[in-house]
Enquirer: 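Sharing a structure, written as structure tokens. Questions coming.
Counting starts at 1 for both ligands and their atoms, following the listed order. Here the structure is a predicted model, which is why all the values come from computation and not from measurement.
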Amino acid sequence: MDLLTTAPRGTQDVLPADSPKWRFVEQTALSAAEEYGFHEIRTPVFEHTQLFLRGVGETTDVVQKEMYTFEDKGNRSITLRPEGTAGAARCLLEHNLHTDALPVKVSYVTSCYRYEKPQAGRLREFHQFGVECFGTAAPAADAEAILLAWQILQRLHITGVSLHINSIGCPTCRAKYHEALRAYFAGHVDALCDTCRSRLERNPMRILDCKSPVCQGIAKDAPRMLQYLCDDCAAHFEAVKQYLHTAGIPYEIDTGIVRGLDYYTRTVFEFVSDALGAQAVVCGGGRYDGLIEELGGPSLPSLGFAMGIERLLLVMQAVGAPMPGPAPCDVFLVSMGEQASLRCFALASLLRGQGIRAAFDVVGRSLKAQMKYADKQGARLTLVIGDNELATGLATCRDMKTGTQSSIALDDSFCAAVAQKLKEG
Ligand code: HAM
């Protein structure tokens with residue numbers, strides 16, 4: 001493999017043909033979020049490793065196996081963010097955003113880094129659109145976030161996606177559940193992977209989302225959290241379901257969802273696509289009522305979700321959702337000779353000032369080669385300008401679709417005349 005011309009495994013370039021699709025997805029999501037009162041933040045691509053150990057949790061796969069962690073030249077342990085929530089929470093606390101009116105609602109588009117085994121829909125560098133709502137314990141907030149995710153999927157014309165929800169309770173009711181899990185897994189200790197064996201004491205729920213097929217087989221019949229919810233957590237879950245019902249969003253209760261990050265409490269949810277293979281979760285999220293306190297802040301119940309942009313694009317492609325392509329050139333100015341080139345340089349600039357996508361020859365090609373290039377760029381019109389045209393003050397305009405030719409005066413009416421021609425076409 002040539003290291004100079006091959007990107008690292010699990011990373012992906014976005015080429016000009018695809019970047020409009022990315023922009024479309026990002027802008028659709030960000031503007032829907034804005035309608036719901038979420039405003040964009042941008043946080044650093046790397047943070048202190050400690051933030052993720054605390055935030056994401058030391059017994060998660062993400063922390064134990066997948067983080068890109070290194071020492072910088074000042075001997076600090078630094079980690080490329082594996083997800084967006086911990087950084088958003090750190091940002092909230094650092095800038096005291098929570099001292100303003102609550103809830104504080106933020107959105108983001110970020111790159112994330114996880115050392116996973118790459119496959120379709122699973123990358124080492126991937127991108128998330130996410131939202132976080134800090135400072136409310138009300139079930140209406142859970143439902144509102146789920147509705148936003150649902151709306152975004154609708155606006156992207158993504159079909160065949162179902163909403164799965166579950167509740168994983170609070171630390172109080174989870175303590176009882178952990179006991180039940182320990183009792184269940186005690187009979188299977190020898191078959192568990194090394195990581196899961198070490199999780200048995202510290203955090204047995206993590207065994208439920210281990211990626212090893214053997215552990216998954218054992219976990220299949222393990223007791224489910226839903227049966228252990230305390231009255232408050234059960235009432236919260238009932239209320240969330242009622243709001244979803246009111247919003248007309250169909251959902252399934254999926255007692256198997258535990259999510260792969262330690263901060264979750266109560267509501268957890270995933271949107272699953274039937275158009276993708278193994279990596280079918282396009283959006284995941286839930287409540288994390290203890291995270292802000294865990295990071296040294298006040299008690300601030302919060303929630304959010306994130307969508308994998310690469311996965312959204314894969315589903316959109318699979319279901320044939322409409323996606324924009326690169327904007328073609330409107331006008332190509334074909335120049336012959338040095339004087340004409342100077343004039344085309346100025347005219348192209350004038351046209352761009354009017355919002356018209358204009359290009360001219362910057363290579364010194366022949367007339368025929370310029371016409372061919374203009375065609376490849378998808379130019380709607382070409383305007384040929386040489387010594388004759390400069391002398392007469394009239395350029396030859398060709399409609400590249402119909403082949404019709406006409407003249408356009410190289411005077412003050414130039415931009416308006418070109419705009420008119422584009423409108424007619
Ligand atoms: P997550 O489930 O780890 O949650 O990731 C959210 C989404 O990112 C997934 O549903 C998936 O679409 C995408 N994703 C995750 N890993 C990869 C990967 N290796 N390659 C491609 N796409 C991937 C979180 O990250 C939480 N921070 C979400 C959240 C926000 N919860 C509350 N607020």
Enquirer: Show, in sequence, the C-alpha distance, side-chain angles and deciding distance for D194 and R197, and conclude whether the salt bridge (charged side-chain N to carboxylate O under 4.0 Å, His left out) test is met.
Expert: CA-CA 5 Å; D194 289 347; R197 230 173 290 145; 3.5 Å; yes
Enquirer: Using a strict threshold of under 4.0 Å (side-chain N to carboxylate O), is an ion pair present between R398 and D375?
Expert: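 Here D375 does not pair with R398 in a salt bridge, since their nearest N and O are not under 4.0 Å apart.
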Enquirer: Is it true that K421 and D399 have a side-chain N and a carboxylate O under 4.0 angstrom from each other?
Expert: no
Enquirer: Under 3.5 Å, N/O to N/O: give me all the pairs between ligand 1 and the protein, one per line with atom names and distance.
Expert:
unit_1	atom_1	unit_2	atom_2	d
ligand 1	2 (O)	R259	NH1	3.1
ligand 1	2 (O)	R259	NH2	2.8
ligand 1	3 (O)	R114	NH1	3.1
ligand 1	3 (O)	R114	NH2	2.9
ligand 1	4 (O)	R259	NH2	2.9
ligand 1	5 (O)	Q128	NE2	3.2
ligand 1	8 (O)	Q128	NE2	3.3
ligand 1	10 (O)	V281	O	3.4
ligand 1	12 (O)	V281	O	3.0
ligand 1	12 (O)	V282	O	3.4
ligand 1	12 (O)	G308	N	3.1
ligand 1	16 (N)	R114	NH1	3.4
ligand 1	19 (N)	E116	OE2	2.7
ligand 1	19 (N)	L123	O	2.9
ligand 1	20 (N)	L123	N	2.9
ligand 1	25 (O)	R114	NH2	3.2
ligand 1	25 (O)	Q128	NE2	3.0
ligand 1	27 (N)	E83	OE1	2.6
ligand 1	27 (N)	T85	OG1	2.8
ligand 1	27 (N)	Y263	OH	2.9
ligand 1	31 (N)	Y264	OH	2.5
ligand 1	33 (N)	T85	OG1	3.2
ligand 1	33 (N)	E132	OE1	2.8
ligand 1	33 (N)	E132	OE2	3.1
ligand 1	33 (N)	F305	N	3.3

Enquirer: Would you call the rings of Y177 and Y228 parallel, tilted or perpendicular if under 30° counts as parallel and over 60° as perpendicular?
Expert: tilted
Enquirer: Is the closest basic N to carboxylate O distance between R206 and D61 below 4.0 Å?
Expert: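 No.
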Enquirer: Among residues at least two apart in sequence or on other chains, which ones pass side-chain contact (heavy atoms from CB on, under 4.5 Å) with Q27?
Expert: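 side-chain contact (heavy atoms from CB on, under 4.5 Å) list for Q27, sorted by chain: R23.
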